[in-house]
There are 2 protein chains.
Amino acid sequence: MAAKTDDSDPAIPPAIESAWGLRERPPKGPRPGLTVSGIVDAAVRVADADGLAAVSMSRVAKELGAATMALYRYVGSKDELLMLMVDAGYGPPPGPAAPDADWRTSLTRWAWAEHDVLRQRPWLLHVPITGPPITPQQLGWLEDGLRCLDGTTLAEGERMSALLLITGYVRNDATLTTQITEGSRAAGIEPGELMPAYARMVGRLIDPARFPSLSRVLASGVLNQDDDPDEEFTFGLDRILDGIEALIRRRAV
Amino acid sequence: MAAKTDDSDPAIPPAIESAWGLRERPPKGPRPGLTVSGIVDAAVRVADADGLAAVSMSRVAKELGAATMALYRYVGSKDELLMLMVDAGYGPPPGPAAPDADWRTSLTRWAWAEHDVLRQRPWLLHVPITGPPITPQQLGWLEDGLRCLDGTTLAEGERMSALLLITGYVRNDATLTTQITEGSRAAGIEPGELMPAYARMVGRLIDPARFPSLSRVLASGVLNQDDDPDEEFTFGLDRILDGIEALIRRRAV
DNA sequence: TCCTTCTGCGTATGTCGTACGCTGTAATGC
DNA sequence: GCATTACAGCGTACGACATACGCAGAAGGA
């Protein structure tokens, strides 16, 4: 029998071990000049400043005054670095809500917390997700979300589904909102002008006979007025929470 | 005054003009040996066979027996090609539902249609979205969705929000489902083994005292049993439709 | 016929991720 | 105190990739 930890299960990827602080420094060899968290912080700094596209291994290394290849002593690949960046970028979860708050209030707070993080760091949305959450902060967010539903009648599986539903919505909303910001900057027009310009372009392209309902939306002008994005967000969130509430009531019977 | 079309509005990108068939062949010069749609079809073929990552300009050109740079006579950039690939990949919208169907039945059908497309072509999810829909098929899907809500009490803006909500959900669900398929193939294990392996890894990493709710979910075993993905999908979709239904009823008062 | 205008595409450039292997360093075993 | 050894930093090199540029030849109009 090996004296190491149970190897019958799938091995934990090195990046994950780093993230959970399970990596011990080997007893021999030169002292490391860098740290994983230092590299991740530098990468996050680059992404915050210039977007995810600017995060290259050489750029991160430059940020640290190190050579490109030095980073590979700490992260196995760029994908690993990205995963650690997401963990650091999200940061610690919002923490438990007030103890007397009901599930709906708590979940609303939870959703807004993720909403705020994604507004702050839009590049998080551009990191391709490759699997279920496994890093410390990610699981922390999940834990906090589950706690919001602790007193409800939902089954465990339903709680997970409900949280997945909400996270998905938050990310989706943030993606769309971000696109308007980034798209207008790319097109060189003010953010408030993008949707009207879009509406005009669609109007020029489509034939009202083939697209009657869409034409009606265009004619109504709802696309031109830029409503508060936060109201948009609240609208969708309330729809989803209404749906979950209906389920909770049904389970309570 | 210029004799051309109204230029006071933002110019329509060349790729969009191609997609809408507004591109006329110039009267002079050699006959084009390729077509935009031929290039797009080839690119879709590559993506279907080997995934979006395999779609490089040279690979698509090879598929057509042409040189890499020949493609740039037809598409302005790879991003344009991607946009056209999405349009072609989605294909025509499902068409109007039965005339006597209520909005909920119609929207369910609409959501399932997108669901099916994304199951068939998971690479569609990996194409970074850069703006609101503008290509013919995309707007066709939107039109069909709007028609589902034609008889309801919702305002135009609310209809758009509701559709956005549903599309977002469908894409999100497909993303998660696809990750399990692609992730298990990458890890070299059967798809049915991925979630149990994930659950075991999480169980080894977390401290039950710090993650009580999450531990409870793990202990319940819901992650181990692989339930029907279609049931998962139906669950979330019904939650969202419940939420929309609640709004429709409130508006009807 | 000649000129314009377009197509196909060869060449070249710059950016990336990263495999490999050399050099020097720090702690251990003797 | 010294040899051993495992590891840190990183220079070099390679293969992909998107794409700018410009030339050769074809097709149609004058």
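Chain naming here is simple, since letters A, B, ... match the order of the sequence lines and numbering starts at 1 in each. Note that this is a predicted model, so its numbers are computed, not measured.
Every side chain to side chain contact (heavy atoms under 4.5 Å, CB included) that B/Met160 has, sequence neighbours left out, goes to A/Val217, A/Leu223, B/Leu142, B/Leu146. With sequence neighbours excluded, the residues that form a salt bridge (Lys or Arg N to Asp or Glu O under 4.0 Å) with B/Glu63 are B/Arg45. The ring pair (Phe, Tyr, Trp, His ring centres under 6.0 Å) search around B/Phe211 returns none, not counting sequence neighbours. For the salt bridge (Lys or Arg N to Asp or Glu O under 4.0 Å) test, no residue two or more places apart in sequence or in another chain qualifies with A/Glu80. In this view, B/Pro229 and B/Arg119, B/Thr177 satisfy the side chain to side chain contact (heavy atoms under 4.5 Å, CB included) rule, not counting sequence neighbours. Applying the salt bridge (Lys or Arg N to Asp or Glu O under 4.0 Å) criterion to B/Glu17, with sequence neighbours excluded, gives B/Arg23. Residues passing the salt bridge (Lys or Arg N to Asp or Glu O under 4.0 Å) test with A/Glu193, sequence neighbours excluded: A/Arg200.
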Sequence neighbours left out, cut at 3.5 Å: what donor-acceptor pairs do the side chains of residues 33-41 of chain B make with other protein atoms?
unit_1	atom_1	unit_2	atom_2	d
B/Thr35	OG1	B/Gly38	N	2.9

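The distance from atom CG of B/Leu71 to atom P of C/dC6 is 19 Å, rounded to the nearest whole Å.
Among residue pairs with one or both ends in residues 66-79 of chain B, none qualify as side chain to side chain donor-acceptor pair (under 3.5 Å); sequence neighbours excluded.
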task = For nucleotides 23-30 of chain C, just jot down a letter per nucleotide in 5' to 3' order: B, S or -, based on protein non-hydrogen atoms under 4.0 Å.
result = -BBSSS--
ask   = What does nucleotides 14-22 of chain C look like as a protein-contact string, B for base, S for sugar-phosphate only, - for none, at under 4.0 angstrom between heavy atoms?
value = --SSBBBB-
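Close approach of DNA chain D to chain A, defined as any atom under 4.0 Å from a non-hydrogen atom of the protein, starts and stops at D/dT5 to D/dT12.
B/Thr175 OG1 to B/Leu118 CG: the interatomic distance, rounded to the nearest 0.5 Å, is 7.5 Å.
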